[in-house]
Undergrad: 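Below is a structure I'd like to ask you about.
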Amino acid sequence: MRKMIWIFAIVCTVISISLADDEPTVGIVSHRELQAIDSNGKGTYEATDKVVVEGIVLNAPEMILNPTPGLGFMGGQWQIYIQGEGEDHAGTAVWYGQYYNRVGGSGEYTNQELIEEMCRINTDPDTGYIFNPGDRVRVTGWYKFYGGKMNINEKHVAGSQYDFSIELIKPAVGLPTPESITLEGLKHADNSFIYDPNRLYGCEYYQGCLVRIEGVKIDDPQSWGPDQTLTVSDSSGRNFQVKLGIGRGFLRYSAPTGWIDVIGIFDQEAPGSGPYNIGYRVWVPNYDGNGLVLTDRGYQRGNLPGDINGDYSVDLLDLAELSENWLRSVPGLIDCL
Ligand SMILES: [Ca+2]
Ligand SMILES: [Ca+2]
């Protein structure tokens, strides 16, 4: 009898699921499943309308894209990368922007709507905790393929129907150890990208993950600055693009010279209409001026409050930076209801 009740219950559930065909389907997937591609590099995942992925937050959104409403062509923007753990060697970008109608999407957000939405996605809904790099989170949302990656986003449609959500699983577990690689693992001898559509080696393997490129020099230090793109090269003549974030360190310190390592998020920004086996780069959100590794280690020495530029003394240089930034604020992190 109990078995009959169970079968009845299951049949009812199946009927109710099939009747509610307006509801989007949701699949719990690994980053590897979501990022799967065909031989041309185009994303193949389509099993469900929405996905749920888990992983570690790699960056503060305002260190790579400016959240300021109304700014530039796309308006305020927000993006974090989530890296899988264990066997799930891949990662996914989660993106949100203001003017979808300018990039082939539909609708746009007012400045106030943008800020409210950024407040929501910056914060764990259960605890009010503000997400930080090194947190383990769960992201539920729609997805859209662009430029070689399957991104979680609002499918470029403004409004609440395509909202994504982020929940905290565990705060402060720490960033993944950046995987050490050399340009020989990313480029062939003729300087073309190493591309494997199974994503088991070469550029695709590292996409969406934190990496450490060993032993390179900056070719074009004159390009140094927030939001700029540099080229680094190794002793064999292979080179690679490094996208600088908008962290203050790119203004505060000059470019490191000589042989350095670069720690950043392995990214792909191929042309929107393809080909999708190019456009690989490493995105470095910020720099702490250490001189040997292009990264922000996040551990400041000195213990002097007010030492804004981290040179172990509090003086007019710090005051200058303070006055330059006086009354600025970070949209999406203040005035949140
Ligand atoms: Ca790709
Ligand atoms: Ca100082």
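In listed order, ligands and their atoms are each counted from 1. What you see is a predicted model, and the numbers here were worked out from it, not measured in a lab.
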Undergrad: Can you tell me if, anywhere in D311, an N/O/S atom lies at a distance from the Ca ion (ligand 2) that is smaller than 3.0 Å?
TA: yes

Undergrad: May I have the angle between G148 O and Q268 OE1 with its vertex at the Ca ion (ligand 1), rounded to 10°?
TA: 80°

Undergrad: Under 3.0 Å from the Ca ion (ligand 2), can any N, O or S atom of S313 be found?
TA: yes

Undergrad: Are more than 12 heavy atoms, taken from residues, nucleotides or ligands other than E87, located less than 6.0 Å from that residue's CD atom?
TA: no

Undergrad: Given side-chain contact (heavy atoms from CB on, under 4.5 Å), test L58 with I80 step by step and report yes or no.
TA: CA-CA 7 Å; L58 297 185; I80 57 172; over 6 Å; no

Undergrad: Only to 10 degrees, please: what angle do the OE1 atom of E204 and the OE1 atom of Q207 make about the Ca ion (ligand 1)?
TA: 80°

Undergrad: If I take atom CD from residue E167 and atom OG1 from residue T127, how far apart are they, to the nearest 0.5 angstrom?
TA: 10.5 Å

Undergrad: Cation-pi check for Y143 against K50: NZ or CZ below 6.0 Å from the six-membered ring centre and within 45 degrees of the axis, yes or no?
TA: no

Undergrad: Work out the angle at the Ca ion (ligand 2) between OD1 of D307 and OD1 of N309, rounded to 10°.
TA: 80°

Undergrad: Hey, which of D296, V293, L294 is the one that makes side chain to side chain contact (heavy atoms under 4.5 Å, CB included) with Y287?
TA: L294

